[in-house]
Enquirer: 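Structure incoming, see below.
Every heavy atom of this structure was used, including side-chain atoms; hydrogens, water molecules and symmetry mates were not. Computed from a prediction, not measured in an experiment: that's the story for all the values here. Below, read A as the first sequence line, B as the second, and so on, with proteins coming before strands; counting in each chain starts at 1.
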Number of protein chains: 2
Amino acid sequence: MTKRKIEIKRIENDEARQVCFSKRRVSVFKKASELYTLCGAEVAMLIKSPVGHVPSPRCSED
Amino acid sequence: MTKRKIEIKRIENDEARQVCFSKRRVSVFKKASELYTLCGAEVAMLIKSPVGHVPSPRCSED
DNA sequence: GATTCTATGTTTAGAAC
DNA sequence: AGTTCTAAACATAGAAT
């Protein structure tokens with residue numbers, strides 16, 4: 001544990017960015033869910049993965 | 001300050017529910033924004049207000 | 001590529017405006 | 001209907017798995 005605070009700008013390290021995405025995605029959906037449950041506010045959310053799409057093997061044969 | 005912890009279920013008190021919505025709505029958008037900035041994940045989000053729609057005065061004259 | 005741990009950073013309930 | 005304050009609750013970076 002060096003330091004934990006980060007500034008809000010693109011994380012350049014690929015691995016760190018992916019780990020951050022995994023963890024924060026869960027948290028954002030949880031917050032949205034809580035907003036709905038607590039306050040009755042309907043929420044719609046779409047999150048597009050930042051990683052490049054990896055086509056399934058089947059696709060590459062078409 | 002009596003206690004600050006609440007369980008995640010509908011807040012029945014109208015005023016408390018509205019205040020909670022005001023504060024948490026800002027936070028959820030902020031978290032979504034951070035996810036985009038930090039990780040490059042595109043996020044789309046719609047939040048429907050839990051309060052009844054109050055028509056503008058103009059509408060009531062139509 | 002998601003999850004756990006934990007010290008530290010961030011959010012938030014309740015009260016007041 | 002949104003904002004401010006602050007102690008307590010909660011999220012999370014970095015490292016490890």
Enquirer: Starting at the 5' end of DNA chain C and moving along, which residue's nearest nucleotide shows up first, Glu15(B) or Lys30(B)?
Expert: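 Closer to the 5' end of DNA chain C: Lys30(B).
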
Enquirer: Does anything in residues 19-26 of chain B come within less than 4.0 Å of DNA chain C? Heavy atoms only, and list the residues if so.
Expert: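 Per residue number, the list reads Cys20(B), Lys23(B), Arg24(B).
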
Enquirer: What integer distance in Å separates Ile6(B):CD1 from dG14(C):P?
Expert: 6 Å

Enquirer: Counting only heavy atoms not in Tyr36(A) (residues, nucleotides, ligands), do more than 12 fall under 6.0 Å from its OH?
Expert: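 No - once you tally the heavy atoms of other residues, nucleotides and ligands closer than 6.0 Å, there are 12 at most.
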
Enquirer: Just the rounded figure in Å: distance from P of dA16(C) to CD of Gln18(B).
Expert: 19 Å

Enquirer: Would you say Val43(B) and Leu35(A) are hydrophobically clustered, going by side-chain heavy atoms of ILVMFWY under 4.5 Å?
Expert: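 Looking at the clustering, Leu35(A) is in the same group as Val43(B).
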
Enquirer: Near DNA chain C, which residues from residues 32-41 of chain A have a heavy atom under 4.0 Å away?
Expert: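 Of all residues in residues 32-41 of chain A, none places a heavy atom under 4.0 Å from DNA chain C.
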
Enquirer: For Arg17(B), enumerate each residue passing the side chain to side chain donor-acceptor pair (under 3.5 Å) test, keeping only those at least two apart in sequence or located in another chain.
Expert: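 Residues passing side chain to side chain donor-acceptor pair (under 3.5 Å) with Arg17(B): Asp14(B).
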
Enquirer: Out of dG14(D), dA13(C), dT11(C), which nucleotide sits closest to the side chain of Lys31(A)?
Expert: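 Of all the options, the side chain of Lys31(A) is nearest to dT11(C).
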
Enquirer: How many angstroms lie between CD in Gln18(B) and OG in Ser49(B), if you round to the nearest 0.5 Å?
Expert: 6.0 Å

Enquirer: Report the end-to-end axis angle of the helix from dA2(C)-dT17(D) to dC17(C)-dG2(D); each axis comes from five terminal pairs, and the value is rounded to 10°.
Expert: 60°

Enquirer: Side chains of Ile47(B) and Phe21(B): closer than 4.5 Å at any heavy-atom pair?
Expert: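 Ile47(B) reaches Phe21(B) side chain to side chain.
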
Enquirer: Side chain to side chain donor-acceptor pair (under 3.5 Å) with Thr37(A): which residues, sequence neighbours excluded?
Expert: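 For Thr37(A), no residue satisfies side chain to side chain donor-acceptor pair (under 3.5 Å) once neighbours in sequence are set aside.
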
Enquirer: Write down the distance between CZ (Phe29(A)) and C1' (dC10(D)), rounded to a whole number of angstrom.
Expert: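 For the pair Phe29(A) CZ and dC10(D) C1', the rounded distance is 20 Å.
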
Enquirer: In whole Å, I'd like the distance from the CD1 atom of Ile8(A) to the C1' atom of dG9(C).
Expert: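 Result: 11 Å.
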
Enquirer: Roughly, in whole Å, what's the span from CG in Asn13(A) to P in dA13(D)?
Expert: 13 Å

Enquirer: Tell whether Arg4(B) reaches the base of dA9(D) with its side chain through a donor-acceptor pair below 3.5 angstrom.
Expert: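 Between dA9(D) and Arg4(B), which were checked side chain against base, a qualifying N/O pair under 3.5 Å is absent.
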
Enquirer: dT10(C) P sits how many Å from Glu7(A) CD, rounded?
Expert: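 Computing the Glu7(A):CD to dT10(C):P distance gives 12 Å.
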
Enquirer: Distance check, rounded to the nearest 0.5 Å: Met45(B) atom CE versus Lys31(B) atom NZ?
Expert: 12.0 Å

Enquirer: Report the distance from atom CG of Asp14(A) to atom P of dA2(C), rounded to the nearest whole Å.
Expert: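 In whole Å, dA2(C) P and Asp14(A) CG are 15 Å from each other.
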
Enquirer: If you compare all heavy atoms of Ala32(A) against all heavy atoms of Val28(B), which two are closest, and at what distance to 0.1 Å?
Expert: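 Where Ala32(A) meets Val28(B) most closely, the heavy atoms are N-CG2, 4.2 Å.
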
Enquirer: Find out if a path of hydrophobic residues (ILVMFWY) with successive side-chain heavy-atom gaps under 4.5 Å connects Val26(A) to Val19(A).
Expert: no

Enquirer: With Arg24(A), which residues qualify under side chain to side chain donor-acceptor pair (under 3.5 Å), at least two apart?
Expert: Glu34(B)

